[in-house]
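Just the heavy atoms: all of them, side chains too, but no hydrogens, waters or symmetry mates, feed the values below. Count residues from 1 along the sequence.
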Amino acid sequence: MDDYLARLDRAEKAAAKFGSNMEMLSRRQHISHGELAEMVGVNAGTISAWHVGRSTPGLINALMVCDALGVNLGDMVTKGYCYEFGYKK
């Protein structure tokens, strides 16, 4: 059970990191929620929900977001783009 809780904690932190990185990178690249939503094929409300952590994207949508923002999924869920890295246009 402890192993399960540790994995769950890591997954929740990764989801939160995804949302904050998505917001930081899209702002730095001057991409609105609406524009990102169009690039990914979802609505702006969905992008907003991912950003604030109300929901998380599935794998395909997460990869689409990463592609639109020019980053890989591993970095998107583990790195802090606001502090550790620049961004790609």
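Rounded to the nearest 0.5 Å, atoms CE (Met22) and CZ (Arg27) are 10.5 Å apart. Taking CG from Leu36 and CD1 from Ile47, the interatomic distance works out to 4.0 Å, rounded to the nearest 0.5 Å. The CZ atom of Arg28 lies 9.5 Å from the CG atom of Asn21; values are rounded to the nearest 0.5 Å. Interatomic distance, OG of Ser20 versus NE2 of His51, reported as 7.5 Å (0.5 Å rounding). One finds the CD atom of Glu12 at 10.0 Å from the OG1 atom of Thr56 (value rounded to the nearest 0.5 Å).
Within the 4.5 Å cutoff, the side chain of Ile31 has heavy atoms near those of the Met39 side chain. The closest side-chain heavy-atom distance from Leu69 to Gln29 is below 4.5 Å. Put simply, the side chain of Lys17 does not reach to within 4.5 Å of the side chain of Lys79, judged on heavy atoms.
Listed here is the closest heavy atom pair of Ala37 and Ala44: CB-N, 3.5 Å. The minimum heavy-atom distance between Trp50 and Ser55, with the atom names listed, is CD1-OG, 3.3 Å. When all heavy atoms of Cys66 and Leu73 are compared, the pair lying nearest together is SG-CA, 3.6 Å.
Under a cut-off of 6.0 angstrom, the local environment of CD in Glu38 is sparse, with at most 12 non-hydrogen atoms contributed by other residues, nucleotides or ligands.
Checked by atom type, the side-chain pair His33/Glu23 shows a donor-acceptor distance below 3.5 Å.
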- Determine, stepwise, if the pair Val42 / Met64 fulfils side chain to side chain contact (heavy atoms under 4.5 Å, CB included). CA-CA 10 Å; Val42 298; Met64 295 286 287; over 6 Å; no

